[in-house]
Amino acid sequence: MVTESKPYIIVLGNEKGGTGKSTAAMHLVTSLLHQGYTVGSLDVDARQGTLTRYVENRDNHIRETGLALSMPRHYPIYRSALESVTAAQEEEQQRFAQAVELLRDCEFIVIDTPGSDTYLSRLAHSYADTLITPLNDSFIDLDMLVRVNPDSLDILRPSTYSEMVWDQKKQRAIRDGGKMDWIVMRNRLSSIHSRNKEEMERVLQALSKRIGFRLVPGFGERVIFRELFLNGLTLLDMRQTNTPMTLSHLSAKQELNALIEKINLPPQIK
Ligand SMILES: Nc1ncnc2c1ncn2[C@@H]1O[C@H](COP(=O)(O)OP(=O)(O)OP(=O)(O)O)[C@@H](O)[C@H]1O
Ligand SMILES: [Mg+2]
């Protein structure tokens with residue numbers, strides 16, 4: 001276990017909304033907690049507050065049931081209400097730095113970001129040791145990463161989000177010489193074979209080399225990834241709640257474990 005070193009920061013990001021950032025964030029948090037790590041979590045999408053609600057629901061559920069479940073140390077970070085852009089950014093930077101400082105003794109910090117471009121989101125990206133971008137299997141979602149030729153599906157140029165990630169990689173390197181590992185995970189994958197699925201695979205494989213991310217399969221479309229939100233639980237808590245596991249639950253668990261494995265954590269925190 002690490003104590004003196006800095007927390008390992010995992011950021012969930014994609015400027016496209018509804019791709020599974022908050023869902024993946026909560027599942028990573030619980031997975032790391034189950035492995036015995038101390039985990040901090042930050043919600044820089046505090047206005048929507050999905051991760052914050054998820055953690056609050058977990059806290060309430062523990063109080064109501066007395067279940068022995070671990071909790072992350074969680075802070076929502078709100079956007080500044082100051083009118084001047086410079087002053088607002090300065091305030092947001094301070095809020096972010098304070099929250100990271102409060103979580104300094106955690107082994108991991110998991111950060112959920114909004115499905116839009118905000119200063120806080122960019123700042124969070126620039127702190128990522130690992131950035132995970134969930135992506136639904138749709139060319140609408142892919143459009144945020146890359147423009148492709150509609151007929152040949154050849155890659156034309158990177159799009160807004162990819163460019164933002166590049167900028168934040170540079171910011172990170174300037175600030176502390178650190179490197180960001182970028183993982184794109186496909187989410188809500190259908191179990192049915194389709195031409196769309198195949199074409200997405202082909203474009204993403206080509207793109208991963210071109211703009212420097214690692215592609216992982218991610219999560220299938222499964223009810224278990226969404227149905228435990230109100231109790232603040234994930235499929236990893238089912239043993240404690242004495243809920244029997246189905247085959248689909250087991251597959252979901254494998255998908256989550258595979259994602260954690262793909263993160264390639266540095267040896268000292270394995
Ligand atoms: N693998 C999955 N299987 C089934 N449902 C999923 C899966 N992943 C996400 N969902 C559902 O998809 C919706 C969007 O997920 P989520 O809120 O995590 O996305 P998000 O990227 O955080 O969205 P936003 O950009 O609005 O913050 C939710 O209803 C969630 O329950
Ligand atoms: Mg979200």
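Whatever order the structure lists them in is the order used to number ligands and atoms, beginning at 1.
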Participant: Short list, please: which atoms of ligand 1 are under 4.0 Å from a heavy atom of Gly17?
Facilitator: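 Going through ligand 1 atom by atom, the ones under 4.0 Å from Gly17 are 25 (O).
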
Participant: Does Gly20 reach ligand 1 with a nitrogen or oxygen that is under 3.5 Å from one of the ligand's nitrogen or oxygen atoms?
Facilitator: yes

Participant: Using a strict threshold of under 4.0 Å (side-chain N to carboxylate O), is an ion pair present between Glu56 and Arg53?
Facilitator: yes

Participant: State whether Asp129 and Lys6 are salt-bridged, where the test is any N-O pair (Lys NZ or Arg NE/NH1/NH2 against Asp/Glu carboxylate O) under 4.0 Å.
Facilitator: no

Participant: Quick one: does atom 18 (O) of ligand 1 have a protein heavy atom under 4.0 Å from it?
Facilitator: yes

Participant: Taking only Lys NZ, Arg NE, NH1 and NH2, and the carboxylate oxygens of Asp or Glu, determine whether Glu101 and Arg104 approach each other closer than 4.0 Å.
Facilitator: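 Arg104 and Glu101: salt-bridged.
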
Participant: Just checking: Thr113, one of its N/O/S atoms, less than 2.8 Å away from the Mg ion (ligand 2), yes or no?
Facilitator: no

Participant: Is ligand 1 less than 4.0 angstrom away from at least one heavy atom of Asn187?
Facilitator: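 Contact present.
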
Participant: Does atom CD1 of Ile174 have more than 12 heavy-atom neighbours from other groups under 6.0 Å away?
Facilitator: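 Above 12, so yes.
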
Participant: Quick check: does Gly220 get an N/O under 3.5 Å from an N/O on ligand 1?
Facilitator: yes

Participant: Does anything in residues 10-29 form a side chain to side chain donor-acceptor pair (under 3.5 Å)? List the pairs, not counting sequence neighbours.
Facilitator: Ser22-Asp112

Participant: Is Gly18 close to ligand 1, meaning an N/O of one under 3.5 Å from an N/O of the other?
Facilitator: yes

Participant: Has ligand 1 got any nitrogen or oxygen that is less than 3.5 angstrom from a nitrogen or oxygen of Thr113?
Facilitator: no

Participant: Using a 4.0 Å cutoff against the non-hydrogen atoms of Asp45, which atoms of ligand 1 qualify?
Facilitator: 27 (O)

Participant: Counting non-hydrogen protein atoms only, what is the nearest one to atom 6 (C) of ligand 1? Give residue, atom name and distance.
Facilitator: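 In this structure, atom 6 (C) of ligand 1 has Arg188 NE, 3.6 Å as its nearest protein heavy atom.
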
Participant: Considering only the protein, which heavy-atom contact is closest to atom 30 (C) of ligand 1, and what is its distance?
Facilitator: Thr23 OG1, 3.8 Å

